[in-house]
Number of protein chains: 2
Amino acid sequence: MPASRRDQILSTAAVLFAERGFHGTSVADLGAACGMSGPALYKHFPSKDALLAAMLVSISEELLAVGTERAEAADDPAAALDALVDWHITFALANKSLIVVQDRDWAALPVEAREKVRTLQRKYVALWAAQLRSLSPELDDTEAHVRAHAAFGLLNSTPHSAFLPEDAMRAVLHDMATRALGLREESA
Amino acid sequence: MPASRRDQILSTAAVLFAERGFHGTSVADLGAACGMSGPALYKHFPSKDALLAAMLVSISEELLAVGTERAEAADDPAAALDALVDWHITFALANKSLIVVQDRDWAALPVEAREKVRTLQRKYVALWAAQLRSLSPELDDTEAHVRAHAAFGLLNSTPHSAFLPEDAMRAVLHDMATRALGLREESA
DNA sequence: CACGGATGTTAGCGATCGCTAACCGAAGCC
DNA sequence: GGCTTCGGTTAGCGATCGCTAACATCCGTG
């Protein structure tokens, strides 16, 4: 079943929320963009908030789950970080709008979903930080978290600047991220 | 005159807009946070939109103006980029909320201000891109822009992760950004 | 001292918002 | 062939929004 009505709404909403923000998008706008109008959305989601929650919880889960998997499959910390960078790039390129919405509108989530998302995100950062610390054991834990966040910022710039073909974007982002994290010391 | 009423409103608004978004902050909220209530704001700004515009136009101007100045004062492209990184870090650390608002809520600007901000931002990116290309003349122009955006993403992560004392944050961000941009090839 | 501008107040208007109610046609099932 | 379910419609409610109007207070100045 490729793309249920529900999925179509979620992806349309991601685009609109990314462009205008959650509070800047009315349910009428969203309905219209889905080819229906306004209140029809309530046949698929109990509320506008719940729609946002479904969107953000599922992406946080996927980022963490696949990230964990990729890191565990790697042979050493450097390979794990390389795999994490690769996975994050893949995800960000395939879900530009979601990436934008996630760090823009998480504050609009109802409390319960907000805490769930924050927990998942914290685990995801911790996953990166742990790999950074086993690569460089002298690294302070807080600094490792800061470095992970900085790497996310770099990689998450892609929704605002995907000017190149996908392969080229991948290459540039991979190069910059691995350099920033100290994974390589030589030029191309 | 350090901090007129107008400035106090602007900086309070920056904090609230960064937390809840432009559309998520009512003029009553903003007024209350400034120690007055609601409509009093209209004695200082003609509209809520105009307030946002004043905020974003002025920061875009400052980023570009000082950036240009710093780049011109440098002896070579590498020094210019180093100075740009340094300036951007200084600005981002001193204006965390504004950095957030700028890339979150620029779409809420009235057309005229939006175009002005976009023009200024484009010039700022072009300033970085030009330095990157004179450092590495073989670099494609589009890729240079992408690399500049990625560097901004990295540096702009600081509002979400300023867990370290300011000096340490500066050092970490400077290290990562210069590595990402290929300004150094050796470890610390 | 009168007065005018600057800066605040409260009341309230019109528009828009999220959401519910009531209704309807098509599809599937016994 | 009737009944239910599913997914859609329009009408409209109550709340909130940005903003204006009308009025109060203070303060510098001729």
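These numbers were taken from a predicted model, which means no experiment stands behind them.
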Item to check | Lys/Arg-Asp/Glu bridge criterion (N-O < 4.0 Å) met for B/Arg133, B/Glu138 | outcome: no
Checklist entry - For nucleotides 11-25 of chain D, read 5' to 3', which letter fits each nucleotide if B means a protein heavy atom sits under 4.0 Å from the base, S means only the sugar-phosphate is that close, and - means neither? => result B-----SSBB-----
Checklist entry - In the single-linkage hydrophobic clustering (I, L, V, M, F, W, Y; side-chain heavy atoms under 4.5 Å), do A/Leu30 and A/Val101 co-cluster? => result yes
Checklist entry - Does a nitrogen or oxygen in the side chain of B/His44 sit under 4.0 Å from OP1 or OP2 of C/dG8? => result yes
Checklist entry - What is the ring orientation for A/His88 with A/Phe152, classed by angle as parallel under 30°, tilted 30 to 60°, or perpendicular over 60°? => result parallel
Checklist entry - Can you list the steps and then say if B/Thr90 with B/Arg170 is a side-chain hydrogen bond (donor to acceptor under 3.5 Å, both in side chains)? => result CA-CA 8 Å; B/Thr90 299; B/Arg170 293 191 76 84; 2.8 Å; yes
Checklist entry - Atom CG of B/Leu30 and atom C1' of C/dG8: how far apart are they, to the nearest Å? => result 15 Å
Item to check | Stepwise side-chain hydrogen bond (donor to acceptor under 3.5 Å, both in side chains) test for B/Arg5 and B/Gln8 | outcome: CA-CA 5 Å; B/Arg5 199 91 237 224; B/Gln8 182 217 337; 3.1 Å; yes
Checklist entry - Nearest-Å distance, CZ (A/Arg5) to C1' (D/dG8)? => result 9 Å
Checklist outcome for this item: From CZ of A/Phe45 across to C1' of D/dG8 the rounded distance in Å is 16 Å
Next on the checklist: With a 4.0 Å cut-off on N to O distance, would you call A/Arg147 and B/Asp175 a salt bridge?
Outcome noted: yes
